[in-house]
Structures are given as C-alpha cells and as structure tokens.
Trainee: 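Below is a structure I'd like to ask you about.
Naming convention: chains lettered A, B, ... in sequence-line order (proteins, then strands); numbering from 1 in each chain. It should be emphasised that the depicted structure is a prediction, and the values quoted were computed from it without experimental measurement.
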Amino acid sequence: MLNNTNVNNGDLVSRVSRQMRISRILIITFFIAYTLITLFPIYALFIRSFVGTKHATDLWLTPPPLEEASMDYQWGSLSVFYNLDSEKAKADLGIPADAYIQSRWTLARIAKEYDIPEQKIKDYFTPYSVYSGWIVLFTDNKFWPALFRTILITGLSLFGLNILSIMTGFGLAGLRRRDQMFVFNLYLLSAVVPLMMILLPQYMIVQWLLNLIPGYGVSGSTIRNVSQIAAIVVLNIKGGALGTMIYTGFISTIPKELGEAAEIDGASILQYFRHIVLPLLKVPIATLTVMVLPSLWNEFMGPYIYLDANNTTLLPLIQSYTGTYTTNYQVSYTGIFVSIIPLIIIYILFRNWFIQGAMSGAIKG
Amino acid sequence: MENLVKRLGGRRTARRILIDWAFILPQLILFFSLTILPFFIGLPTVFTDRLSFVDTDVEYVGTENFTKILTEPGIKDEFLPALGRSVRFTLLNYVMVFAFGLSLALLMYEVGFRGGFFTVIYLPMMLSGLAIGFIATMLFSRSTGTLNLLLLDLGLIDKAIDIKSASGLSIILPLLAGWRYAGFNMAIFLAGLLSIPTETIESSIVDGASYLQRLVRIYFPQMIGSFIIATIFCLIGSFNIFDELVALGALYGNQEASFLSIVFFTYGFQRGRLAVGLTMALELGIPLLVVGVLLQRIQRRFQYDT
C-alpha cells in the first residue's frame with residue numbers, strides 16, 4: 001500500500017517536471033523569437049541606408065547591388081534622387097563653378113558639353129546608386145561639426161551633472177532627515193511636472209539671460225555659438241531626482257568615523273571630499289552615467305529650440321534633411337542609423353552596467 | 001567648562017550645516033531657476049493676451065484664455081482633436097506597458113533572469129525619439145515601408161498600413177513605444193517579482209494553485225509598487241511625447257501627428273499665441289501633476305508597508 005503511493009508520487013513529480021521542461025523550452029523559444037523581432041527594425045534601418053528612392057518601393061532585406069549610372073540620367077533628377085550637392089559634383093567633375101547646367105540635361109550631354117570622358121562620369125555617379133545616403137552625409141560640411149557638438153555637449157553634461165549631483169549628495173547626507181526629504185521632494189517634482197508646462201517660460205528665462213551676454217545678438221559669432229551650447233549644458237546639469245537619490249543614498253552609507261578621522265588628522269572639508277569621498281564613488285558615478293547617457297546623447301528638443309541651425313547637434317541636423325519638400329529619406333535613415341551606432345556600441349561594451357542601472361532604478365522607482 | 005564644549009560643539013555643527021548647504025546650493029539654484037521658477041513665471045501669463053516672448057503690448061484678460069480653448073473655433077478645432085489623439089495614445093501606450101513589459105517580465109521570471117535576452121530587449125531604449133519616428137516611417141510608409149512590403153510579400157496583410165493615416169499612426173506609434181520601452185518596463189515588473197518571498201510562491205505551488213491563481217493571488221498583490229511606477233512613467237511619458245511626432249512631420253503639416261505637445265509647442269514658439277499655449281499646457285499639466293503626486297504618495301505608502 002505504502003509502496004504504491006510512492007510510485008504514484010514519483011509519476012506525478014516526473015509529469016510535473018516534464019511539463020515544466022516543455023514550458024521552459026517554449027518560453028526560451030519565444031524569447032529567441034522576440035529578440036530577433038526586436039533587432040529587426042534596426043537591421044532594416046541599416047539596409048534602408050543603402051536603398052535609394054528609385055528602389056524604395058521594392059522589398060530589400062540585403063543591400064541592393066550597385067547599378068551602373070546611365071548616361072541618360074538627367075542632371076535635375078540626380079539631385080532629387082541622390083540629394084546631390086551640385087556645386088560639389090561640378091567641382092569633382094572639373095566643370096567650372098559658374099557654369100549653368102540645366103536640370104533637363106542628360107549626363108551624355110554634359111559629357112559632350114564640358115569634354116569629360118563618359119567613363120569618368122559613370123564611375124563618379126555609380127556609387128551613388130547605393131551609397132548616396134552615406135556619401136551625402138559624410139561629405140556634408142555640417143555633419144562632422146554637429147557630431148562634434150553632440151559629443152561635446154554629452155561629455156560636458158555628464159561631467160557637470162556628476163560633479164553637481166555629488167556635491168548635492170554630499171551636502172544632503174550631512175543634513176537632518178527632514179531637510180533631506182524637503183530638498184529631495186523638490187527634485188522629485190521635476191519627474192512629475194509635465195515638460196510642456198515649464199518649457200515655454202524656461203525658454204523665456206534662458207533667452208533673457210543669453211541676451212545679457214555682450215555680442216550674443218551677432219548671428220554666427222563665436223560668443224553666440226558658445227553661449228548657446230553652454231545654455232544646453234546648464235539645462236542638462238540642473239539636476240533631478242535620480243542623481244540626488246543615487247548620491248545621497250550612497251554617501252549616507254560612508255561611515256561617519258571616516259569623516260571624524262579625517263578631521264582629527266587636520267583635513268578640511270574640501271580635502272575630505274576630494275581625497276576620501278570622491279574615490280569611493282566609482283560605482284554610483286558609473287550608475288548615474290549609464291542611466292542619463294542615452295537621454296543626453298538623444299536629446300532633440302533642447303538643441304532644436306536653443307541652437308542656431310549652423311550651430312546644431314546631430315539629431316536636429318538629421319531632422320532638417322527632411323523638410324517640407326524633400327522626399328529623399330535615404331539620407332535621413334543613414335543619419336539616424338549613424339546617430340544610434342555610438343550609443344549602441346557603448347551599450348554593448350558596458351551592458352552589465354546598463355542592466356544593473358535599469359534593475360536598481362526599477363527597485364527604487 | 002562643560003558648557004563651553006557644548007557651545008563650541010554647537011557652533012561646529014552650525015558651521016558644518018552651512019558647509020553642507022554650500023555644497024547643495026549650486027545645483028539647487030540652477031534647478032530652482034530653471035524648473036521651479038519657470039512654472040511661477042508662466043502662471044500669470046495665462047491671464048494675459050501675451051502673443052510672444054518679446055510682446056510689449058500685454059494686457060490682462062482674466063480667464064478669457066481658458067474659455068477660448070474650448071470655444072474659439074480656430075483654437076478649439078486644433079485643441080480638441082489633439083487632446084483626443086493624446087488620450088488615445090496614452091491609453092494604448094498603457095496597454096503596451098503590460099502587453100510588452102509585464103508579459104516579458106512574467107515569462108523571464110519563469111525561466112530565471114537571462115542577461116543575454118535582457119540586453120537585447122533593453123537595447124531599443126538606446127534609440128532616440130527622433131529615431132523611433134523615422135523607424136515608424138521606414139517600416140510603415142504606405143508604398144516604401146519595409147515591414148509593409150515584407151508582410152505583403154508573406155501574404156499576412158492584403159493592404160499596406162499607412163503611418164500617415166489616422167488609424168495607422170494610432171496603432172503603430174503605441175506598438176513602437178511598447179517595443180522601445182519593453183526592457184524598461186520589464187525591469188520594473190521583474191524587480192517587483194523578484195522581491196516576492198519565494199516561500200509564498202513555493203507553498204502555493206505545493207497547495208496546487210494554478211498559474212492564473214498564482215498570478216492573481218500571489219504575484220499581482222505584491223507587485224502593486226511596480227504597477228504604480230509603471231503607470232506614472234507611462235502617463236508622464238505619453239503626454240510628453242514630442243520627438244517621435246516631429247520625425248513624423250508634425251511640425252510640417254502632418255495633422256494626424258499633431259498631439260497636445262505639438263499644439264503647445266506651435267502655439268508658444270511658432271504661431272505667436274504664447275498665452276493660449278501656456279493655458280493649454282497648464283490646464284492639462286495640473287491634473288497630470290496631481291495624479292503623478294498622488295500615485296507617488298500611494299507608492300511610498302506601499303513601500304513602507306512592505
């Protein structure tokens with residue numbers, strides 16, 4: 001009798017564990033499928049950076065092959081299809097800059113008119129059939145400065161935000177709990193106040209301050225460009241709940257004895273801050289950095305509002321490629337792809353930090 | 001003597017507190033003047049007819065702006081549809097929080113934390129709002145959308161989805177938002193799940209509770225904190241959505257992408273109707289603020305309870 005029950009139990013256990021194994025396999029399969037789906041849009045974006053307007057109505061899952069340029073192409077349609085910079089193309093082909101090329105002229109006619117070998121023209125335009133997005137982007141003389149400004153603003157903001165937030169955390173850790181919560185709740189307000197409610201008056205204040213700077217009114221001047229970039233950085237480092245929470249929490253755990261010992265040894269507060277507290281903060285610095293990096297790198301609205309068109313960052317520049325009339329999305333897709341690559345590389349390299357940040361942020365809310 | 005020590009000690013603490021505040025103030029001043037102050041500067045403007053930031057002829061008009069939003073034809077016809085679009089987007093986006101975030105978290109909880117899957121699922125968080133808008137166009141443009149062409153090829157749809165149409169946009173945008181924030185929301189729910197004591201789960205399994213019973217009786221009640229956090233983030237994020245819409249051409253006449261944020265923006269920055277724009281932002285911002293603060297209060301109470 002006893003024996004019998006045991007056998008039954010064993011059956012049940014093995015049935016349940018078999019069921020569990022099957023559901024595990026199903027779930028893992030689902031996750032594999034979902035990760036492929038997750039990656040698809042980014043892969044598709046990469047492929048579309050090679051697909052010109054001419055071929056955009058066909059499905060491409062790999063880059064289309066190079067197509068030899070036809071001498072029947074009209075000059076005007078080239079600039080539409082390939083976002084061709086006609087001034088640059090003229091210079092590259094050895095056509096005088098002041099020469100006027102009618103948009104209906106074919107490449108054959110241009111070859112005859114300016115005595116250029118047909119093969120040279122073909123060789124020049126053939127890469128455009130696939131790489132026009134990349135060529136236009138990388139030869140645009142606004143692209144590299146915009147990339148530089150994006151890196152500059154992101155770097156300065158990360159540095160400033162960390163320094164100021166560490167100071168906030170250091171100060172708050174020494175205060176009474178009641179004062180701590182008061183300051184912290186102020187910062188928390190920024191997480192719930194809808195952006196649009198403060199965006200317009202904030203713009204008013206920043207413009208008023210910027211106009212106090214002598215020489216700011218001169219469009220294109222260095223002082224104007226630098227002040228605009230500084231304004232973005234200041235807006236980025238004004239702080240929020242996240243940095244305050246991370247640093248206050250961490251610095252509060254540093255034993256008080258450490259501070260007292262430093263004081264007895266004759267260290268000033270600044271020396272204590274610089275030589276004892278700062279070196280302990282590697283982990284929270286990394287945490288805050290990975291948590292704010294994406295929003296800093298991907299910031300669009302601030303630069304869009306505050307920076308002049310000739311002084312802008314990557315995303316507003318890419319946005320400007322598709323205005324009211326342009327229909328060539330290839331350059332925009334290439335630009336967007338290029339803009340996400342640096343961050344994705346950093347993400348993959350430091351994925352453990354990012355995931356830790358995501359999980360700890362989720363716990364603390 | 002004892003008294004002197006006490007006094008000296010008191011003075012030292014006072015000095016220490018001053019130094020602490022000196023460390024706090026630089027960022028607090030920046031924060032106050034760029035986040036708190038703007039709100040109070042914007043407030044009086046809603047009772048005036050201010051047209052732009054440089055308007056010199058500003059008059060007090062009382063609460064006229066508040067009625068204007070709902071009655072004046074030109075304004076009403078933009079505000080109300082935009083409100084509708086924003087609310088619809090927020091609701092669908094909220095569904096996506098659970099469809100993506102909660103489902104993925106529950107599934108991952110069953111098989112244990114997998115760093116590799118997590119890395120990929122969290123990856124779209126690295127994309128900008130602008131990128132999401134362009135990706136929406138790239139995948140679902142009527143004649144050139146990659147996913148449209150693929151689904152048509154596979155015979156899964158018989159008519160292309162059009163991102164420029166009202167129905168196309170209202171489905172695609174929440175889907176892409178769900179995809180983008182999947183890892184973020186999954187982390188919130190997973191953190192909630194992982195904080196449940198395993199003993200309660202094990203004993204419910206031993207008692208023969210089905211998976212559904214476990215969800216409703218064990219998991220969800222102990223994850224209320226996660227639900228509230230996800231709700232706050234979704235609510236605020238949905239109403240703040242802007243970059244995606246700009247990439248979809250909202251500032252260049254794409255009516256379907258004209259959500260509330262776009263209307264505020266155009267009224268404030270482009271149309272020269274600053275006071276009206278601010279009034280709209282305020283009328284929506286205040287309820288959102290109240291809901292946000294309330295939810296936060298509730299969430300904190302749950303934190304203290306557990």
Trainee: If you count heavy-atom pairs under 4.5 Å between each of B:L251, B:T146, B:T119 and chain A, which one has the most?
Mentor: B:T119
Trainee: Can you tell me which of B:L282, B:L274, B:L104, B:L37 forms the most heavy-atom pairs within a distance under 4.5 Å of chain A?
Mentor: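 Of the options given, most contacts go to B:L104.
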Trainee: Parallel, tilted or perpendicular: which one describes the rings of A:F46 and A:F50, with boundaries at 30° and 60°?
Mentor: perpendicular
Trainee: Under a 4.5 Å heavy-atom cut-off, does chain A meet the side chain of B:R180, its backbone, both or neither?
Mentor: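 B:R180 has no heavy atom closer than 4.5 Å to chain A.
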Trainee: State, yes or no, whether a side-chain contact exists between B:D153 and B:L149 at a heavy-atom distance under 4.5 Å.
Mentor: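 Contact flag for B:D153/B:L149 side chains = no.
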Trainee: For A:I32, is it the side chain, the backbone, both or neither that has a heavy atom under 4.5 Å from a heavy atom of chain B?
Mentor: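 Both backbone and side chain.
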Trainee: Is A:V51 close to chain B through its backbone or its side chain, or both, or neither, when contacts mean heavy atoms under 4.5 Å?
Mentor: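 Interface part for A:V51: neither.
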Trainee: Could you tell me which portion of B:F113 (side chain, backbone, both or neither) has an atom closer than 4.5 angstrom to a non-hydrogen atom of chain A?
Mentor: side chain
Trainee: Does any N or O in the side chain of B:S226 come within less than 3.5 Å of the main-chain N or O of B:I188, such that one atom is a donor and the other an acceptor?
Mentor: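 Side chain of B:S226 to backbone of B:I188, a donor-acceptor pair under 3.5 Å: yes, one is there.
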Trainee: What about B:F31 and A:Y187, are their ring centers closer than 6.0 Å?
Mentor: yes
Trainee: Please rank B:F269, B:F265, B:F264 by heavy-atom pairs under 4.5 Å with chain A and give me the top one.
Mentor: B:F269
Trainee: Please flag which part of B:F117 lies under 4.5 Å from any non-hydrogen atom of chain A: side chain, backbone, both or neither.
Mentor: both
Trainee: Please verify the inter-ring angle class for A:F300 with A:Y304; under 30° counts as parallel, over 60° as perpendicular, anything in between as tilted.
Mentor: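 A:F300 vs A:Y304 ring planes: parallel.
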Trainee: Side chain of B:T35, backbone of B:F32: donor and acceptor closer than 3.5 Å?
Mentor: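 Not confirmed, B:T35 side chain does not pair with B:F32 backbone.
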Trainee: Is chain B contacted by the side chain of A:N185, its backbone, both, or neither, given a heavy-atom distance below 4.5 Å?
Mentor: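 The answer is the side chain of A:N185.
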Trainee: Side chain, backbone, both or neither: which part of B:L295 has a non-hydrogen atom closer than 4.5 Å to chain A?
Mentor: neither
Trainee: Is A:Y333 in contact with chain B via its backbone, its side chain, both, or neither, using a 4.5 Å heavy-atom distance?
Mentor: side chain
Trainee: Counting heavy-atom pairs under 4.5 Å with chain B, which one of A:F40, A:Y203, A:W208 comes out on top?
Mentor: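 Result: the option with the highest number of such pairs is A:Y203.
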Trainee: So which part of B:L43 gets closer than 4.5 Å to some heavy atom of chain A, the side chain, the backbone, both or neither?
Mentor: neither
Trainee: Side-chain contact test, heavy atoms from C-beta onward, threshold under 4.5 Å: evaluate it for B:S261 versus B:F239 and give yes or no.
Mentor: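 When only atoms from C-beta onward are counted, B:F239 and B:S261 do not touch, as no gap falls below 4.5 Å.
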Trainee: Can you name the residues that form a side chain to side chain contact (heavy atoms under 4.5 Å, CB included) with A:I269, not counting sequence neighbours?
Mentor: A:F170, B:R16, B:I19, B:F23
Trainee: Give, as side chain, backbone, both or neither, the part of A:L175 having an atom under 4.5 angstrom from any heavy atom of chain B.
Mentor: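 Its backbone and side chain both get close to chain B.
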Trainee: Heavy-atom pairs under 4.5 Å with chain B are the metric here; pick the option from A:R48, A:M204, A:R24, A:Q202 that has the most.
Mentor: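 Option with the top pair count is A:R48.
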Trainee: Measuring heavy-atom distances to chain B, does A:L270 have an atom under 4.5 Å in its side chain, in its backbone, in both, or in neither?
Mentor: side chain
Trainee: Among A:L200, A:L172, A:T35, which residue has the highest count of heavy-atom pairs closer than 4.5 Å to chain B?
Mentor: A:L200
Trainee: What about B:Y122 and B:F184, are their ring centers closer than 6.0 Å?
Mentor: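 Not close enough - the centres of the two rings lie 6.0 Å or further apart.
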Trainee: Which bit of B:V246 comes within less than 4.5 Å of chain A, counting heavy atoms only: side chain, backbone, both or neither?
Mentor: both
Trainee: For each of B:V291, B:V120, B:N185, tally heavy-atom pairs with chain A at distances under 4.5 Å, and name the one with the top tally.
Mentor: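 Heavy-atom pairs under 4.5 Å are most numerous for B:V120.
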Trainee: Measure the NZ-CG distance between A:K238 and B:L28 for me, rounded to the nearest 0.5 Å.
Mentor: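 Interatomic distance, A:K238 NZ to B:L28 CG, rounded to 0.5 Å: 12.0 Å.
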Trainee: Can you check whether anything in residues 337-346 of chain A gets within less than 4.5 Å of chain B, heavy-atom wise, and list it by number?
Mentor: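 Contacts with chain B: A:I340, A:L343, A:I344.
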Trainee: Considering only heavy atoms from C-beta outward, does the side chain of B:F227 approach that of B:F189 to under 4.5 Å?
Mentor: yes
Trainee: Less than 4.5 Å apart, any side-chain heavy atom of A:P201 and any of B:L278?
Mentor: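 A side-chain contact under 4.5 Å exists here.
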Trainee: Quick one: are B:L123 and A:I42 in side-chain contact, heavy atoms under 4.5 Å?
Mentor: yes
Trainee: Do B:S86 side-chain atoms and B:L260 backbone N/O form a donor-acceptor pair below 3.5 Å?
Mentor: yes
Trainee: With a 4.5 Å cut-off on side-chain heavy atoms, are B:L107 and A:Y34 touching?
Mentor: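 With C-beta onward as the side chain, the pair stays apart.
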Trainee: Is it the backbone or the side chain of B:Y211 that comes under 4.5 Å from a heavy atom of chain A, or both, or neither?
Mentor: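 Neither part.
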Trainee: Side chains of A:T313 and A:P316: closer than 4.5 Å at any heavy-atom pair?
Mentor: yes
Trainee: Tabulate below the donor-acceptor pairs under 3.5 Å that side-chain atoms of residues 128-143 of chain B make, not counting sequence neighbours, or state none.
Mentor:
residue, atom, partner, partner atom, Å
B:S128, OG, B:A131, N, 3.1
B:T137, OG1, B:G133, O, 3.1
B:S141, OG, B:T144, OG1, 3.3

Trainee: Taking the side chain as everything from C-beta on, heavy atoms only, tell me whether A:T154 gets closer than 4.5 Å to A:E299.
Mentor: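 In short, these two side chains do not touch, never coming nearer than 4.5 Å.
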Trainee: Quick one: what part of B:L152 sits under 4.5 Å from any heavy atom of chain A, side chain, backbone, both or neither?
Mentor: neither
Trainee: With a 4.5 angstrom heavy-atom cut-off, is it the side chain or the backbone of B:M125 that approaches chain A, or both, or neither?
Mentor: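 Answer is backbone: N, CA, C or O of B:M125 sit under 4.5 Å from chain A.
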Trainee: Just so I understand: if I count every heavy-atom pair under 4.5 Å between each of A:T57, A:D179, A:L61 and chain B, which residue has the most?
Mentor: A:T57
Trainee: What part of B:W179 lies closer than 4.5 angstrom to a heavy atom of chain A: side chain, backbone, both or neither?
Mentor: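 For B:W179, backbone and side chain are both near chain A.
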Trainee: Checking A:D58 against chain B: side chain, backbone, both or neither under 4.5 Å from a heavy atom?
Mentor: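 Only the backbone of A:D58 comes within 4.5 Å of chain B.
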Trainee: Below 3.5 Å, can you tabulate the donor-acceptor pairs from side chains in residues 161-169 of chain A to any protein atom, sequence neighbours excluded?
Mentor:
residue, atom, partner, partner atom, Å
A:N162, OD1, A:Y247, OH, 2.5
A:N162, ND2, A:L158, O, 3.1
A:N162, ND2, A:T289, OG1, 3.2
A:S165, OG, A:L161, O, 2.6
A:S165, OG, B:Q27, NE2, 3.4
A:T168, OG1, A:L164, O, 2.9
A:T168, OG1, B:Q27, OE1, 2.6

Trainee: Let me know if A:I336 has heavy atoms under 4.5 Å from chain B in its side chain, its backbone, both or neither.
Mentor: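 Just its side chain gets close to chain B.
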